[in-house]
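This report refers to the structure that appears directly beneath it.
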2 protein chains.
Amino acid sequence: MENQNISDIIESYLKQILADSQQVEIRRAEIANQFNVVPSQINYVIKTRFTIQDGYVVESKRGGGGYIRIEKVKLLDNLDFIDSLVAAVGDQITRHDGLAIVRSLFEAGAINRRESNIILAAIDKTAINTGNVEVDERLRAQILISILNHLRYES
Amino acid sequence: MENQNISDIIESYLKQILADSQQVEIRRAEIANQFNVVPSQINYVIKTRFTIQDGYVVESKRGGGGYIRIEKVKLLDNLDFIDSLVAAVGDQITRHDGLAIVRSLFEAGAINRRESNIILAAIDKTAINTGNVEVDERLRAQILISILNHLRYES
DNA sequence: AGTTTCTTGACTAATGTTGACTAATATTAT
DNA sequence: ATAATATTAGTCAACATTAGTCAAGAAACT
């Protein structure tokens, strides 16, 4: 808790703003300066913590007046919510992104906490560990998609 | 109590902290240094003394700001039952027998119908289908055991 | 003596940080 | 208009900083 790295701190800062508004628009160099990091670290934070699996869409523009805009996606409004998650899973998925998918389901109210934990147990490294990362990622994707498809009928 | 090895001492140290709080977060290298052991000994202590059977859940993160967090969890009163199912699953299990395990959980009231269906989705032939029956059965066993272990406690 | 548990360290994996170089867009000069 | 310059963000690879795995050997128990 106390030993947060700077990426976590920047993530928290941005998510705090996003708690109140639907989107946040920043100037990369400004935030980098504010947290005393190189500009490309902002890209790292965005790439690892504001993915579509996490429920965010990022747009940017270069040049004068350039910006990076992070927008929360309203998944519940999407009639094809499960479809979009299936697409986000794809053929293979990392544990990190798999976690984000489950979190999205939870935050959308499609599953409760107990169900989240069951799914996470099914895709964590204890459960899926063949010794080949790519094989693991394909298996994880198949399991998640199978579960997502079942959630389609039930709810 | 007189003949404590260093692993026992580290165990005591951590459990003493856990006596007062719900969780403890450490830097592996720091604790290793404090007790003058190699870092991997901390993994050994955790693996042998902070298992789910003991009522602990462990999470960790690598890289800058990395940590190992040990959390006390409230074990449920179905432990013997879960143990027997874990034993029944073993190293590998067929779909048919996997179904029987899930049915047992349901009939014992450990999970509801929705949860049953999620678990079944995770172990059915859509989800697990590598082309090698034995590999499939091993995967199915690992997934089921991971889920069973999560059913040991409240989260 | 044989078995289990503990200790150690070499190697691996995951995550985070930095900076040089590139690309896109806007503004200014010609 | 076009070209030159300024001002942004993006990519990528090297390096840094953590934890994880595994197997060999040592120590402690039967």
Side-chain angles (χ1 to χ4, degrees), chain A residues 1-14 24-51 54 57-71 93-100 124-137 140, chain B residues 1-14 24-51 54 57-71 142:
Chain A
M1 293 297 214
E2 335 86 49
N3 264 326
Q4 280 191 314
N5 58 53
I6 190 70
S7 291
D8 286 341
I9 293 168
I10 295 168
E11 175 192 3
S12 302
Y13 170 77
L14 294 172
V24 56
E25 194 173 299
I26 61 170
R27 289 217 351 263
R28 187 179 75 153
E30 196 175 272
I31 299 295
N33 191 60
Q34 184 175 330
F35 289 97
N36 229 23
V37 298
V38 295
S40 61
Q41 180 137 16
I42 308 306
N43 298 88
Y44 175 74
V45 171
I46 287 172
K47 197 177 162 195
T48 54
R49 292 151 162 88
F50 293 90
T51 68
D54 292 310
V57 167
V58 179
E59 287 168 69
S60 64
K61 201 170 86 169
R62 309 187 194 186
Y67 58 83
I68 300 176
R69 179 163 50 220
I70 305 172
E71 202 180 340
I93 189 167
T94 63
R95 265 189 299 138
H96 178 272
D97 287 348
L99 174 62
D124 75 10
K125 66 164 180 272
T126 319
I128 301 180
N129 187 13
T130 64
N132 179 323
V133 173
E134 190 178 325
V135 170
D136 285 356
E137 293 188 357
R140 189 178 294 112
Chain B
M1 239 17 181
E2 326 109 47
N3 241 338
Q4 281 192 317
N5 56 47
I6 190 68
S7 290
D8 287 339
I9 292 169
I10 295 168
E11 175 192 5
S12 302
Y13 170 77
L14 294 173
V24 56
E25 194 174 299
I26 62 170
R27 280 169 175 275
R28 187 179 74 153
E30 198 175 89
I31 300 295
N33 190 60
Q34 186 175 328
F35 289 97
N36 230 23
V37 297
V38 296
S40 60
Q41 180 135 17
I42 308 305
N43 297 88
Y44 175 74
V45 171
I46 286 172
K47 199 177 163 195
T48 55
R49 291 151 161 89
F50 293 88
T51 68
D54 296 318
V57 168
V58 179
E59 284 172 75
S60 64
K61 199 167 94 168
R62 309 185 194 185
Y67 58 81
I68 300 176
R69 179 163 48 221
I70 305 172
E71 195 185 346
Q142 287 180 275

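So that the names make sense, note that chain A is the first sequence line, chain B the second, and so on, each numbered from 1.
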Quiz prompt | Contact state string [nucleotides 23-30 of chain C, B base, S sugar-phosphate only, - no protein heavy atom under 4.0 Å] | solution = BBBS----

Atom pairs, protein N/O to nucleotides 1-3 of chain D N/O, distance under 3.5 Å:
none

Output a table of donor-acceptor pairs, distance under 3.5 Å, between side-chain atoms of residues 27-41 of chain A and any protein atom two or more places apart or on a different chain; print 'none' if there are none.
from, atom 1, to, atom 2, distance (Å)
A:R27, NH1, A:E30, OE1, 3.1
A:R28, NH1, A:N43, OD1, 2.6
A:Q41, NE2, A:S7, OG, 2.9

Exercise. Working to the nearest 0.5 Å, report the span between CD of B:E25 and CD of B:E71.
Key: 11.0 Å

Practice problem: Drop me the distance from A:I42's CD1 to A:I68's CD1, to the nearest 0.5 angstrom. | Solution: 7.5 Å

Quiz item: Which of residues 30-40 of chain A sit near DNA chain C, with a heavy atom under 4.0 Å from it?
Solution: A:V38, A:S40

Practice problem: Give a yes or no on whether the backbone of A:E59 and the side-chain of A:R69 come within a donor-acceptor separation of less than 3.5 Å. | Solution: no

Exercise. For A:Y67 and D:dT8, give me the distance from atom OH to atom C1', rounded to whole Å.
Key: 12 Å

Quiz item: Atom CG of B:L14 and atom CD1 of B:I70: how far apart are they, to the nearest 0.5 Å?
Solution: 5.0 Å

Quiz item: Whole-Å distance between C:dA14 C1' and A:E137 CD?
Solution: 13 Å

Self-check item: Close side-chain approach of B:D8 and B:R49, heavy atoms under 4.5 Å
Solution: yes

Quiz prompt | Spacing between A:N129 atom CG and D:dG20 atom C1', to the nearest angstrom | solution = 11 Å

Self-check item: Distance, rounded to the nearest Å, where B:E59 contributes CD and D:dT18 contributes P
Solution: 19 Å

Exercise. Please tell me if the side chains of A:E137 and A:T94 come closer than 4.5 Å, counting only heavy atoms from C-beta onward.
Key: yes

Self-check item: Nearest-angstrom distance from the residue atom CZ of B:R28 to C1' of C:dA14
Solution: 12 Å

Quiz prompt | Protein proximity profile, nucleotides 25-30 of chain D - base contact B, sugar-phosphate-only contact S, no contact -, cut-off 4.0 Å on heavy atoms | solution = ----S-

Quiz prompt | Pairwise distance CZ(A:R95) to NZ(A:K125) - rounded to 0.5 angstrom | solution = 5.0 Å

Self-check item: Nearest listed nucleotide, side chain of B:Q41, among D:dG10, D:dT18, C:dT7
Solution: C:dT7

Quiz prompt | Neighbours of DNA chain C within residues 42-50 of chain A, by heavy-atom distance under 4.0 Å | solution = A:Y44, A:R49

Quiz prompt | Shortest non-hydrogen contact from A:Q4 toward A:I9 | solution = OE1-CG1, 3.8 Å

Self-check item: Proximal nucleotide (of C:dC6, C:dG16, C:dT17) relative to the B:N5 side chain
Solution: C:dC6

Practice problem: Specify the separation, in whole Å, of atom CD1 of A:I68 and atom P of D:dT11. | Solution: 10 Å

Quiz item: Roughly how many Å is it from CD1 in A:I6 to P in C:dT18, rounded to a whole number?
Solution: 9 Å

Quiz item: Atom CG of B:D54 and atom OG1 of B:T48: how far apart are they, to the nearest 0.5 Å?
Solution: 9.0 Å

Quiz item: Hey, are the side chains of A:D136 and A:V133 touching, using non-hydrogen atoms and a 4.5 Å cut-off?
Solution: no

Exercise. Calculate the interatomic distance between A:I70 atom CD1 and D:dA9 atom P; express it in whole Å.
Key: 12 Å

Quiz item: When you check the phosphate oxygens OP1 and OP2 of D:dG10, does a side-chain N or O of A:S60 lie under 4.0 Å from one of them?
Solution: yes

